[in-house]
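Lettering of chains follows the sequences in order, A, B, ..., and the numbering in each one begins at 1.
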Protein chains: 2
Amino acid sequence: MTAPLDRPPLAPAGVAFVLSGLGYHAAQRFRERLAPLGLAPRHVGVLTALASAEGMSQHALGQHLEIPPSRMVALVDELEARGLVERRRNPADRRAYALALTDAGRRVLEQVAALADEHERQLCAALDAEERETLLRLLRRIAAQQGLPQRVHPSLAASDRAGPPPAC
Amino acid sequence: MTAPLDRPPLAPAGVAFVLSGLGYHAAQRFRERLAPLGLAPRHVGVLTALASAEGMSQHALGQHLEIPPSRMVALVDELEARGLVERRRNPADRRAYALALTDAGRRVLEQVAALADEHERQLCAALDAEERETLLRLLRRIAAQQGLPQRVHPSLAASDRAGPPPAC
DNA sequence: TATTGTTATACTCTATAACTATA
DNA sequence: TATAGTTATAGAGTATAACAATA
């Protein structure tokens, strides 16, 4: 038996709500840390994927990350303008580029890794090492069951977000 | 001592990354469940807050949720157009409205609650009841330490997100 | 005829600033 | 002079579709 309240009985926030709010918060803080490098989280997504797949074409990388071609153009333009990525012509197929990280790109990725470590530490400050491990294990179980890829952030596939023109 | 890899040694995703990805995922799935009602998550944020603060002015509600006035206009316009919220003139101060949920608004909130329950269940399908409790406890500890409000979703204050015009 | 990358265009969401009316 | 709400405008980010070059 529950006691009557003087306000409408709001259900306490569940896992989904807290997860969503905390995930948003984590992403924003990461975005702020990244800003001084002139990068947004989506750029890190591309750089990181590229680090594991040098020489991949723009199209293939976009497919891996679920980023449509037209968006890849702008993204790679930006990274190339910052000197972090190179578009090399592929002699075997002159339609496609072979994308490559530059040395500057690799250095920036190291900076990003350091900054991500600090981000992780700050975000988890409330938990001890064992609790962090427990949390990570539970989160990974959910992520796996929900079909999320391990290293690709789902927000990169922004197609389902704000809603594009409704496919006239 | 770690064995050499044939690929660049990518650090495994930490709490921050998994949290952010899973939070995004949870938000998207919630958005999809909401779509048939003609609502977006932001509308639910406003409706929920209003349920605990009937008669509040548009401005005050906006401050509580950290939503700027001009955005509140559009948001309340949309909710009013759907017949979920009423703008009542406040005789004591004719500049301000007293916002109120309509009966339809209350019914929709009940539908949303049911749908959120199902969402919660589906999202946590990988965990048993005890694990869910553990997860929720850990997430709440982090949320509290990070200064997040308990019932207000941080994405409602979208000011820090994509970046508005840079305050010329 | 299919594929890689590009451009043109349109749409959503947002914030800032100027404005109206009340106080 | 300050406050509640509104409107006008501009910018960031995205997707679709038409297009060019190459296969």
Side-chain angles (χ1 to χ4, degrees), chain A residues 24 27-28 31 35 38-43 45-46 55-81 85-99 154-168, chain B residues 24 27-28 31 35 38-43 45-46 55-81 85-99 154-168:
Chain A
Y24 182 84
Q28 288 309 120
R31 181 186 301 277
L39 295 174
R42 62 184 179 279
H43 298 122
V46 173
M56 196 176 246
S57 75
Q58 218 175 273
H59 192 82
L61 191 57
Q63 286 220 307
H64 177 58
L65 300 172
E66 296 191 77
I67 297 176
S70 69
R71 194 143 68 98
M72 282 302 292
V73 172
L75 236 29
V76 176
D77 279 355
E78 287 156 8
L79 292 170
E80 200 176 33
V85 159
E86 262 182 22
R87 284 175 164 118
R88 298 186 184 147
R89 275 293 170 193
N90 178 350
D93 183 344
R94 283 167 43 222
R95 294 172 303 181
Y97 293 125
L99 295 179
S155 75
L156 287 175
S159 46
D160 48 355
R161 192 157 56 204
C168 140
Chain B
Y24 183 84
Q28 288 310 118
R31 181 186 302 276
L39 295 175
R42 60 183 181 279
H43 298 123
V46 172
M56 198 177 246
S57 75
Q58 218 174 275
H59 192 82
L61 191 58
Q63 287 221 306
H64 177 58
L65 301 173
E66 297 192 72
I67 296 176
S70 69
R71 193 143 67 101
M72 283 301 293
V73 172
L75 237 27
V76 175
D77 278 355
E78 287 156 9
L79 292 170
E80 199 175 34
V85 160
E86 261 182 22
R87 284 175 164 119
R88 297 186 185 146
R89 275 295 171 192
N90 179 352
D93 182 345
R94 283 168 42 223
R95 294 172 304 182
Y97 293 126
L99 296 179
S155 75
L156 287 174
S159 45
D160 49 355
R161 190 158 57 203
C168 140

Would you compute the distance between atom NE2 of B:H59 and atom CD1 of B:I67 and round it to the nearest 0.5 angstrom? 12.5 Å
To the nearest 0.5 Å, what is the distance between OH on B:Y97 and CZ on B:R88?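 One gets 14.0 Å once the value is rounded to the nearest 0.5 Å.
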[N] [atom2] sits how many Å from [X] [atom1], rounded?
{"X": "B:R71", "N": "C:dT16", "atom1": "CZ", "atom2": "C1'", "value": "14 Å"}
{"X": "A:I67", "N": "D:dT14", "atom1": "CD1", "atom2": "C1'", "value": "12 Å"}
{"X": "B:M72", "N": "C:dT14", "atom1": "CE", "atom2": "P", "value": "12 Å"}
{"X": "B:H59", "N": "C:dA23", "atom1": "NE2", "atom2": "P", "value": "16 Å"}
{"X": "A:L99", "N": "C:dG5", "atom1": "CG", "atom2": "C1'", "value": "11 Å"}
{"X": "A:R42", "N": "D:dA15", "atom1": "CZ", "atom2": "C1'", "value": "15 Å"}
{"X": "A:D93", "N": "D:dA23", "atom1": "CG", "atom2": "P", "value": "6 Å"}
{"X": "B:R88", "N": "D:dG5", "atom1": "CZ", "atom2": "C1'", "value": "19 Å"}

Quick one: does any side-chain atom of A:R89 pair with a main-chain N or O of A:R94 as donor and acceptor, under 3.5 Å? yes
For a quick check of understanding: with a heavy-atom distance under 4.0 Å over all strands, which category does [X] fall into, base, sugar-phosphate or nothing?
{"X": "B:S57", "answer": "sugar-phosphate"}
{"X": "B:R89", "answer": "nothing"}
{"X": "B:P68", "answer": "sugar-phosphate"}

On DNA chain C, more 5' by nearest nucleotide between A:D77 and B:P69 is A:D77
Nearest-nucleotide comparison on DNA chain D, the residue closer to the 5′ end among A:P91 and A:E66: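 The answer here is A:E66.
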Side chains of B:E86 and B:L99, heavy atoms from C-beta outward: is any pair under 4.5 Å?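 Counting from C-beta outward, B:E86 and B:L99 never come under 4.5 Å.
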So B:L156 and B:E66, do their side chains get closer than 4.5 Å, heavy atoms only? no
Measuring to OP1 and OP2 of [N], would you say a side-chain N or O of [X] lies under 4.0 angstrom away?
{"X": "A:Q63", "N": "C:dT4", "result": "no"}
{"X": "A:Y97", "N": "C:dT6", "result": "yes"}
{"X": "B:R87", "N": "D:dT6", "result": "yes"}

Where the side chain of [X] is concerned, which of [options] is the nearest nucleotide?
{"X": "A:R94", "options": "D:dG5, D:dT22, C:dG5", "result": "D:dT22"}
{"X": "B:A158", "options": "D:dT14, C:dA15, C:dT3", "result": "C:dA15"}
{"X": "A:R95", "options": "C:dT6, D:dA4, C:dA2", "result": "C:dA2"}

Checking only heavy atoms, does the side chain of A:S70 share a donor-acceptor pair with the base of D:dT16 at less than 3.5 Å? yes
